[in-house]
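Some notes on the structure that comes next.
Numbers restart at 1 for each chain; the letters A, B, ... are given by sequence-line order, proteins then strands.
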2 protein chains.
Amino acid sequence: MDTRLDRDASNCSIARTLEVVGEKWTILILREVWYGSSRFGDFERVLGCPRNLLAARLRMLVEEGILATETYKEPGSRSRPKYVITPKGMDLVPAVMGLLQWGDRYRADPEGPAMLTRHRGCGAPVDAQIRCERGHAVHAEDIESVPGPAFRMKAAE
Amino acid sequence: MDTRLDRDASNCSIARTLEVVGEKWTILILREVWYGSSRFGDFERVLGCPRNLLAARLRMLVEEGILATETYKEPGSRSRPKYVITPKGMDLVPAVMGLLQWGDRYRADPEGPAMLTRHRGCGAPVDAQIRCERGHAVHAEDIESVPGPAFRMKAAE
DNA sequence: TTGCTGAGTATAGAAAAGTAAACTCATGTC
DNA sequence: GACATGAGTTTACTTTTCTATACTCAGCAA
């Protein structure tokens, strides 16, 4: 007899996001798209990712609507596919900025980061931060997590 | 002969962060810590994660300084270890908030999210966003990535 | 018509993760 | 002293993921 009064952790937005972007290479592919890559060969060369995994990840990202395919044509060659980011993909930027920022703080080279991110136009460095709807900057310790509409408990076994 | 004039992608803060938190279960363990779990048995029960992997991930998170061990004592039992988050671990919150937010937007149940995050005290919902040092809210499209102090090109092969 | 190129597919082997169960170890209760 | 408990470790096996390399395929060019 075992009364498990635990929160049902399968019903979680973090876990569900990780189902899409949690596999190896996926976030690094997106990073390369942000940095300007768009072709199969670009990703392969810069990332050193195996071709079959690269093909599988790109296919999945397109199916999920995070990337979309377009075509390009080099003079003297036939049309080939390229990959561009969609608005749904752009919405992953805050999460990846958070990872970037943590790495810059705790795992960068002694000289500093390899890439800097700036606000285009104003030129000032950018960072990911947490704000509440009223515009206050929120410290991580001041975030309160409360059950939402889809909150469920685990079934007893 | 192969002149690779590619950016050296190994020297990247995103990739380095993923080396620490990119394995399966790691971020979910941190989520449980934020939601209040601290004991080996809590994680095992709520996550359904295999014990050997759980032990390995906890050990790694402690080695990295993201979690720390303390002891607790139930009356009538001996002291046992528990896991608490460190400031270095709290600095991962913006990244995980970004993942949570994306999942809430694109992969939540029809009724809505399972958990809501609020600013303690003011009570307003919080979200991860990108700002520049001058305080402007920055759209993902307006982020410019430029080479930083540790920028390197790949060696030609 | 032979070769070249970019974008894949196919396949085989290695590594990691998942599953399940047994075992250890310290200490507190009966 | 015998047993219970939480926090692991160990072992054995299956499945999935990762890596590396070879192969295919379409169209352009010589």
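- With salt bridges taken as basic N to acidic carboxylate O contacts below 4.0 Å, one links A:R107 and B:E19.
- Sorted by first then second residue, the salt bridge (Lys or Arg N to Asp or Glu O under 4.0 Å) pairs that include residues 71-81 of chain B, not counting sequence neighbours, are B:R39-B:E74.
- Put simply, CD on A:E44 is 9 Å from P on C:dA7, counting in whole angstrom units.
- Residues satisfying the salt bridge (Lys or Arg N to Asp or Glu O under 4.0 Å) test with A:R105, not counting sequence neighbours, are B:D91.
- For DNA chain D, the outermost nucleotides in 5' to 3' order that have an atom under 4.0 Å from a heavy atom of chain B are D:dT5 to D:dT11.
- A:K88 places a side-chain N or O within 3.5 Å of a backbone atom of A:E64 that can act as its donor or acceptor partner.
- Within 4.0 Å of A:F43, counting heavy atoms only, lies no atom of the nucleic acid at all.
- Helix bend of the helix from C:dT1-D:dA30 to C:dC30-D:dG1: the angle between its two end axes, each built from five pairs, comes to 10° after rounding to 10°.
- Rounding to whole angstrom units, CG of residue B:L28 and C1' of C:dA17 are separated by 14 Å.
- Here A:Y72 sits alone; no ILVMFWY side chain lies under 4.5 Å from its own, so it joins no hydrophobic cluster.
- Using a cut-off of 4.0 Å between Lys/Arg side-chain N and Asp/Glu carboxylate O, B:R16 and A:D104 are scored as not salt-bridged.
- Among the heavy atoms of the strands lying under 4.0 Å from A:Y83 are primed sugar atoms or P, OP1, OP2 only; no base atom is included.
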Inset, instruction - Produce a footprint string for nucleotides 18-29 of chain C: one letter per nucleotide, 5' end first; B if the base is under 4.0 Å from any protein heavy atom, S if only the sugar-phosphate is, - if neither. - result: SB------BSSS
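- With sequence neighbours left out, the salt bridge (Lys or Arg N to Asp or Glu O under 4.0 Å) criterion links B:E23 to no other residue.
- Take B:D42 and apply the salt bridge (Lys or Arg N to Asp or Glu O under 4.0 Å) test, not counting sequence neighbours, and it matches B:R45.
- To the nearest 0.5 Å, atom OG1 of residue A:T17 and atom CG of residue A:L92 are 7.5 Å apart.
- Counting side-chain heavy-atom gaps under 4.5 Å among Ile, Leu, Val, Met, Phe, Trp and Tyr, the cluster of A:V146 also holds B:L116.
- Side chain of B:R131 to backbone of A:R131: no donor-acceptor contact under 3.5 angstrom is found.
- Looking at residues two or more places apart in sequence or on another chain, you find a salt bridge (Lys or Arg N to Asp or Glu O under 4.0 Å) between B:R118 and A:E144.
- Proximity of residues 58-69 of chain A to DNA chain C (heavy atom under 4.0 angstrom from any strand atom) is restricted to A:R59.
- Partners of B:H136 under the ring-ring contact (aromatic ring centres under 6.0 Å, His included) rule, at least two apart in sequence or in another chain, are A:H119.
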